Amino acid sequence: MLIVFSQEAFSQKNWRAILSKSDIVLLGEQAHGVQSFYEEKQKIIKQIELVSPQELLLLIESPIVLSVIRELENRKSNYHYHHTNTEENIQFFNGYKNFGIDLQEDCRYTEFSDFLITRKYCDPSDRDILRMDSILSLCIIGENYVKDVLSKGDVVKLKSSILHLKSKVLSQNLDEYESKLLGLCFENRLRLADYLHLDIGKGYQKRIQYRDSVMAVNVQEVIDSYRDFQAIIWAANLH
């Protein structure tokens with residue numbers, strides 16, 4: 001069951017009853033970047049933690065690929081979008097197992113390639129690594145997407161490079177957990193290629209719908225690996 005909260009008296013809720021019926025709790029907000037909203041979400045999560053019989057798994061509207069890198073490197077989870085990426089929020093997230101769920105990436109998109117190279121899964125001069133990053137650079141600048149769209153030809157080239165990299169990396173001697181998470185990264189890169197081909201102008205709603213559908217898949221993929229956890233989704237009400 002999926003429960004959506006917006007403007008309700010959270011302290012009045014019977015959390016035990018809600019959690020007994022819900023695999024996922026979705027915490028929305030009216031707008032990005034309002035720290036007061038985030039503080040309220042943190043209070044709600046702390047309330048849930050007090051009564052939930054399970055550990056909490058936070059699934060956040062932020063890049064899933066960067067979150068996987070942080071998980072596999074056992075590093076501080078500063079993978080979030082700039083409006084969420086405050087020291088206060090990061091410190092809170094780090095108190096729980098947490099992942100991003102969004103296929104969108106920002107200016108740190110090359111960190112995935114750096115990770116594969118550092119782990120020696122790929123060579124720095126790998127043609128597919130270079131081509132993947134080069135094509136993504138056409139649409140990812142700074143912290144936001146610019147208003148250009150990948151051509152069909154670029155999408156084909158991008159997906160070809162991603163598939164080649166996926167085959168090279170996942171054919172190596174990886175443990176089951178790392179293989180699953182890296183596979184999820186490659187699948188999101190393939191979906192990102194399709195996403196970047198959608199018109200950002202008149203077809204903007206299609207982009208939102210497609211992005212939401214991918215985030216739903218990512219939620220299911222992550223919670224499948226953490227079935228003993230209570231999943232809390234942290235996203236804007238738009239999604």
Side-chain angles (χ1 to χ4, degrees), residues 59-75 77-81 98-146 148-198 200 207 210-211 213-226:
L59 302 175
I60 303 156
E61 185 189 333
S62 280
I64 187 170
V65 173
L66 286 176
S67 75
V68 167
I69 294 172
R70 297 298 185 268
E71 168 71 10
L72 294 178
E73 293 180 336
N74 195 26
R75 290 171 56 191
S77 59
N78 61 336
Y79 60 83
H80 310 282
Y81 294 133
N98 65 91
F99 284 93
I101 55 172
D102 199 348
L103 86 164
Q104 283 196 147
E105 297 187 52
D106 60 15
C107 61
R108 294 169 292 174
Y109 65 97
T110 58
E111 289 186 28
F112 184 50
S113 297
D114 293 339
F115 172 82
L116 297 178
I117 292 168
T118 300
R119 288 292 180 100
K120 300 188 183 304
Y121 295 142
C122 297
D123 187 84
S125 60
D126 187 288
R127 180 173 178 268
D128 292 306
I129 284 272
L130 297 174
R131 185 165 67 168
M132 177 177 68
D133 287 347
S134 176
I135 295 175
L136 285 176
S137 71
L138 297 174
C139 282
I140 303 177
I141 297 177
E143 295 174 335
N144 300 297
Y145 287 93
V146 294
D148 55 355
V149 179
L150 289 181
S151 67
K152 185 175 181 179
D154 280 334
V155 170
V156 170
K157 292 176 184 176
L158 177 56
K159 295 179 81 170
S160 174
S161 291
I162 294 168
L163 286 170
H164 289 156
L165 286 170
K166 179 182 179 181
S167 177
K168 283 181 276 191
V169 172
L170 298 188
S171 65
Q172 300 181 40
N173 187 26
L174 308 177
D175 64 48
E176 183 179 356
Y177 184 63
E178 185 167 9
S179 179
K180 181 170 183 177
L181 288 183
L182 288 177
L184 193 53
C185 288
F186 286 116
E187 287 302 311
N188 271 271
R189 279 283 168 95
L190 289 170
R191 294 170 180 141
L192 179 63
D194 288 329
Y195 175 83
L196 292 174
H197 185 55
L198 297 175
I200 201 170
R207 275 199 167 199
Y210 180 74
R211 181 180 163 205
S213 70
V214 175
M215 285 199 280
V217 171
N218 288 337
V219 166
Q220 189 61 58
E221 290 285 342
V222 175
I223 65 175
D224 280 348
S225 297
Y226 291 92

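Numbering of residues begins at 1 and proceeds along the displayed sequence. Note that the structure is predicted; figures quoted are calculated from it, not measured.
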Could you tell me if the side chain of [Y] sits less than 4.5 Å from the side chain of [X], heavy atoms only?
{"X": "L116", "Y": "S113", "result": "no"}
{"X": "R207", "Y": "L196", "result": "yes"}
{"X": "D128", "Y": "K168", "result": "yes"}
{"X": "L192", "Y": "V214", "result": "no"}
{"X": "I64", "Y": "L103", "result": "no"}
{"X": "D126", "Y": "Y121", "result": "no"}

Can you tell me how far apart [atom1] ([X]) and [atom2] ([Y]) are? Round to the nearest 0.5 Å.
{"X": "T118", "Y": "E111", "atom1": "OG1", "atom2": "CD", "value": "10.5 Å"}
{"X": "L130", "Y": "S125", "atom1": "CG", "atom2": "OG", "value": "7.0 Å"}
{"X": "N188", "Y": "N218", "atom1": "CG", "atom2": "CG", "value": "4.0 Å"}

Which atom of [X] lies closest to which atom of [Y], heavy atoms considered:
{"X": "S67", "Y": "G100", "value": "OG-N, 3.0 Å"}
{"X": "L158", "Y": "I135", "value": "N-CD1, 3.7 Å"}
{"X": "N78", "Y": "R70", "value": "OD1-NE, 2.8 Å"}
{"X": "L138", "Y": "D154", "value": "CD1-OD2, 3.7 Å"}
{"X": "Y195", "Y": "Q104", "value": "OH-OE1, 2.7 Å"}
{"X": "I129", "Y": "C122", "value": "CG1-CB, 4.2 Å"}

Practice task
Spell out, as yes or no, whether a donor-acceptor pair under 3.5 Å connects the side chain of S134 to the backbone of R131.
Solution key: no
Exercise for the section: Please indicate whether K157 has more than 12 foreign heavy atoms, meaning atoms of other residues, nucleotides or ligands, lying under 6.0 Å from its NZ. Expected result: no
Exercise for the section: Please list all pairs passing the ring-ring contact (aromatic ring centres under 6.0 Å, His included) test where one or both residues lie in residues 165-190, with sequence neighbours left out. Expected result: F112-F186
Completion exercise
So the salt bridge (charged side-chain N to carboxylate O under 4.0 Å, His left out) pairs with at least one residue in residues 216-226 (sequence neighbours excluded) are D224-R227
Handout entry: Pairwise salt bridge (charged side-chain N to carboxylate O under 4.0 Å, His left out) hits with a residue in residues 174-188, at least two apart
Key =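 Listed by first then second residue: R119-E178, K166-E187.
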Problem - side-chain hydrogen bond (donor to acceptor under 3.5 Å, both in side chains) partners of R191, counting only residues at least two apart - result: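 With neighbours one apart ignored, the set is empty.
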Handout entry: With D114 via side-chain hydrogen bond (donor to acceptor under 3.5 Å, both in side chains) - residues at least two apart
Key =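 D114: no side-chain hydrogen bond (donor to acceptor under 3.5 Å, both in side chains) contacts found.
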Handout entry: With sequence neighbours excluded, residues passing ring-ring contact (aromatic ring centres under 6.0 Å, His included) with Y79
Key =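 Once residues adjacent in sequence are excluded, Y79 has no partner under the ring-ring contact (aromatic ring centres under 6.0 Å, His included) criterion.
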